[in-house]
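Both backbone and side-chain heavy atoms feed into the values below; hydrogens, waters and symmetry mates do not. Position 1 is the first residue of the sequence, and the numbers go up from there.
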Amino acid sequence: LGAETIRWTLEGPLRHRHLVELMELRAALEPVAARFAAERATAAQRAELVALATELDRLGRSGLGDGDAYLAVDIEFHELLLASSANALY
């Protein structure tokens, strides 16, 4: 699904169901993508993943884990993780 479709479905009456389904999809794909990223990421991608993970930790420890800033960094982290896997289908 495209980002716009996902955003649209999350605004509808089936929001909770779609959130659960998205988390299930992430749980299935991300461990494999992380393994590939560990093998294939460039040094710059690795450094940025560490920086983003550090920022997520900082925001979470500051009690900001449910805020817009955390969400933005979380999205950036996961997009980079998938890109770093060097699999165009992710």
Considering all heavy atoms of both residues, which atom of [X] and which atom of [Y] are nearest to each other, and what is their separation?
X   : Y   : answer
R26 : H78 : NH2-NE2, 2.6 Å
A86 : R40 : CB-CD, 3.9 Å
A33 : S85 : O-CB, 3.6 Å

Among the clusters formed by ILVMFWY side chains lying less than 4.5 Å apart, do L80 and Y90 turn up in the same one?
->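 No, no single cluster joins them.
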Would L29 and V32 show up in the same hydrophobic cluster when neighbours are defined by side-chain heavy atoms closer than 4.5 Å?
->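 Yes, same cluster.
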Starting at CD of Q45, measure out to CG of L81 and round the result to the nearest 0.5 Å.
->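 With rounding to 0.5 Å, CD (Q45) is 10.0 Å from CG (L81).
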Exercise answer: donor-acceptor pairs, residues 47-54 side-chain atoms, under 3.5 Å, sequence neighbours excluded:
{"unit_1": "T54", "atom_1": "OG1", "unit_2": "V50", "atom_2": "O", "d": "2.8"}

Using atom types as modelled, flag every donor-acceptor pair under 3.5 Å from a side chain in residues 59-71 to any protein atom, sequence neighbours excluded.
{"unit_1": "R61", "atom_1": "NE", "unit_2": "D57", "atom_2": "OD1", "d": "3.0"}
{"unit_1": "R61", "atom_1": "NE", "unit_2": "D57", "atom_2": "OD2", "d": "2.9"}
{"unit_1": "S62", "atom_1": "OG", "unit_2": "R58", "atom_2": "O", "d": "2.8"}

